[in-house]
Amino acid sequence: MSKVGRTFGVALATSTVLTFGAALMLACVACQAADGSITAIVGATVIHPERDLPSAVSPDSTLIIAGRRIESIGPASSARVPAGATLIDGKGKWVVPGLIDSHVHFFQSGNLYTRPDAADFNAWMPYAKEVERNKARLPATFKVWLASGVTGVVDIGGPFWNFEVRDAAAKSPAAPRVAVAGPLLSMIDRVKLDLGDPPIIKIASADEARALVRRELQRKPDFIKVWFIHRQGDDLGAQAAIVKAAADAAHAAGVRLAVHATELIVAKASLRAGADFLVHSVEDEPVDEEFLALAKRRHALYCPTLFVTLGYRYALSNTWQPTEAERRLADPQILAAMNDLRNIPREMLPERVAKAMHQPAPPRPSPIALQNLRKVWDAGIPVAMGTDAGNIGTVHGPSVFREMEIMTQAGLTPLQVLRSATSNGAKAMGMERETGTLAPGRLADLVILNADPLANVINLSRIHRVIKDGEVFVPDELIRSLPR
Ligand SMILES: [Zn+2]
């Protein structure tokens, strides 16, 4: 552990030096933030995603930020802008709360080499090298998130060094807020991911579950996470007892339980055992009244992650193409690696990949998952937008725009999607009193847009400025400052 910690510290320090010039430039744009100075966005349309139409939209408004927090929001005609405030012209612009991605993994990069348990490219690119790269690249990954308008993320499971990621983000001049879970309590082994600090740990009994939860609680996790894989022949009751032991131990310490459960019976068993957060869609069959009642009784959050399986299929068949937003906002180092399949000799390709490349079929989002999202939304269960970024084909940052576009295919309106990505995301972070909405006293985490996000969710990618903790960032400058 200490060795990992040291390496990590060094990596961050090096990168701080590399980006110091860029940081100065950013600081200049940001001007005054945490020091109590004032920024005023004058004459913008302010969106309150937690409200319904028409009260969700306040045209011609002035929003004043003092230090880290929002001081006031009101009609531009009556707002009094303090002398010396930094002015941002809000005419023809929209202001929304900073986006929150409620499901990401920093130990994964989104490239081909990041999940050898799914597609093993070790012969071409050793997995240990990939993970070292991901650690060293964290300051860049943080900036990519901010540039995409994302001011908060939940890393819902990874190695113990995940806790250092949260610390690094908190200390970084340009990073989203980060909530974390540690290693996943899993029903199955994932030996290919074990480099000494495994992200996934097999648990065979309730006692083992309690022991690992105890270890993680020492690091003050935001969630305990269970990877509830149920295969034919597995004893669902025995598995549920493990989940319940984890839930009880987490809840006794005031920590919530997040569960990966993609089948209806498994999701129900998770909710009965105490799950607070379902981190994926139910994909195998339509959710029923019993499921909806269980989720409501637990006040559970539901995160659909609709794009991630498509991302794997595009990337592993060499048909992955960046979206327009990804071309502008993704980490260029990751973009450059996304089509590496062209360069890898055929004999080094995993069997599955060789097959997929031979017969690539355009993947579609699961109709059942789409239908379930709509049912869950209509039942009043809070939905939190999440990408599962870091998985193969789902890049950190701008993949939020892919995810939100697919959510509209389920019949959610742009306002509903925006709510899932702001005020509901804040619930996932456990920060709903601090961020996710625009109101006096809230942290100044927000995005200024050049186009109306309620006309089309893709307009959430047309970002003029991102403000986090009162600091103003320019997306282009953040991306330009990344080491190539
Ligand atoms: Zn995940």
Side-chain angles (χ1 to χ4, degrees), residues 102-103 154-158 179-190 199-217 219-305 369 372 375-376 379-384 386 388 427-428 430:
S102 296
H103 189 151
V154 182
D155 184 317
I156 205 68
V180 288
L184 281 59
L185 284 73
S186 171
M187 302 298 165
I188 58 171
D189 247 338
R190 274 301 192 250
I200 294 174
I201 298 177
K202 187 181 174 182
I203 297 294
S205 69
D207 275 345
E208 283 182 26
R210 282 186 282 269
L212 181 52
V213 172
R214 254 197 314 277
R215 269 179 70 204
E216 298 196 21
L217 287 175
R219 307 295 294 271
K220 302 209 179 317
D222 298 285
F223 283 99
I224 294 293
K225 163 89 174 280
V226 172
W227 210 38
F228 196 163
I229 305 298
H230 175 74
R231 293 175 300 195
Q232 220 175 9
D234 289 342
D235 179 345
L236 188 67
Q239 291 183 316
I242 289 174
V243 182
K244 185 167 189 314
D248 290 349
H251 292 160
V255 174
R256 290 177 291 169
L257 187 80
V259 183
H260 166 121
T262 54
E263 303 83 19
L264 184 60
I265 54 161
V266 181
K268 283 188 196 174
S270 304
L271 290 166
R272 283 192 204 98
D276 304 288
F277 184 15
L278 295 176
V279 302
H280 292 292
S281 287
V282 170
E283 285 171 352
D284 65 329
E285 51 182 315
V287 295
D288 56 13
E289 288 306 318
E290 187 186 25
F291 170 87
L292 298 172
L294 282 166
K296 275 188 171 167
R297 195 182 321 146
R298 286 234 32 89
H299 302 286
L301 291 161
Y302 183 91
C303 184
T305 65
N372 284 344
K375 280 192 185 170
V376 165
I381 292 155
V383 171
D388 214 351
K427 289 177 188 166

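For the numbers below, each heavy atom of this structure counts, side chains included, while hydrogens, waters and symmetry mates do not. Positions are given from 1, in the same order as the sequence printed here.
- The shortest heavy-atom contact between A179 and D222 is CA-OD2, 3.2 Å.
- Once rounded to the nearest 0.5 Å, the distance linking CG of D276 with CG of L301 reads 8.5 Å.
- When the salt bridge (Lys or Arg N to Asp or Glu O under 4.0 Å) test is applied to R272, the partners found at least two apart in sequence or on another chain are E290.
- When every heavy atom of A245 is checked against every heavy atom of R210, the shortest pair comes out as CB-NH1, 3.6 Å.
- For the pair L271/V259, no side-chain contact is recorded, criterion being any heavy-atom separation below 4.5 Å from C-beta on.
- No donor-acceptor pair under 3.5 Å is formed between the side chain of D155 and the backbone N or O of V180.
- When side chains are defined from C-beta on, W227 counts as touching H260, because their heavy atoms get closer than 4.5 Å.
- Of the inter-residue distances, the one linking S270 atom OG with H230 atom NE2 reads 11.0 Å to the nearest 0.5 angstrom.
- Shortest non-hydrogen contact noted between L217 and A249 is CD1-O, 4.0 Å.
- The backbone N or O of V266 lies less than 3.5 Å from no partner atom in the side chain of Q239, so there is not a single donor-acceptor pair.
- Judged by distance alone, with hydrogens and angles left aside, the side-chain atoms of R298 form a donor-acceptor pair with the main-chain N or O of A275 at under 3.5 Å.
- With hydrogens and angles disregarded, a donor-acceptor distance shorter than 3.5 Å links the side chain of K225 to the backbone of I156.
- Taking both residues in full, the closest heavy atoms of D234 and R231 are given as OD2-N, 2.7 Å, listed atom of the first, atom of the second, then distance.
- Within the 3.5 Å criterion, the main-chain N or O of A379 finds a donor-acceptor partner in the side chain of K296.
- Within the 4.5 Å cutoff, no side-chain heavy atoms of R190 are placed close to those of L184.
- What you find for A250 and I224 is that their closest heavy atoms are CB-CG1, 3.7 Å.
- Atoms CG and CE, on D235 and M187 in that order, are 10.5 Å from each other to the nearest 0.5 Å.
- In this structure, H103 and H280 have tilted ring planes: the angle between them lies in the 30° to 60° band.
- Here the side chains of S281 and P304 are in contact, with some heavy-atom distance below 4.5 Å.
- Side-chain contact between V255 and E216 is absent, with no heavy-atom pair separated by less than 4.5 Å.
- Atom OG of S186 sits about 9.5 Å away from atom CD1 of I242, to the nearest 0.5 Å.
- Atom CG of residue L292 and atom CG of residue N372 lie 8.5 Å apart, to the nearest 0.5 angstrom.
- The backbone N or O of V282 sits less than 3.5 Å from a side-chain atom of Y302, completing a donor-acceptor pair.
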- Query: Does the side chain to side chain contact (heavy atoms under 4.5 Å, CB included) test come out yes or no for I203 and L212, once each step is laid out?
  - Reply: CA-CA 9 Å; I203 297 294; L212 181 52; 3.9 Å; yes
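- Note that the CG atom of L264 and the CD atom of E285 stand 4.5 Å from one another [nearest 0.5 Å].
- Taking the six-membered ring where the residue is Trp, F277 and F223 present tilted rings, their angle falling between 30° and 60°.
- When side chains are defined from C-beta on, I188 does not count as touching K202, because their heavy atoms never get closer than 4.5 Å.
- Every pair passing salt bridge (charged side-chain N to carboxylate O under 4.0 Å, His left out) that includes a residue from residues 244-261 is listed here, sequence neighbours excluded: K244-D248.
- Residues L257 and H251 come closest through the heavy atom pair N-NE2, 4.1 Å.
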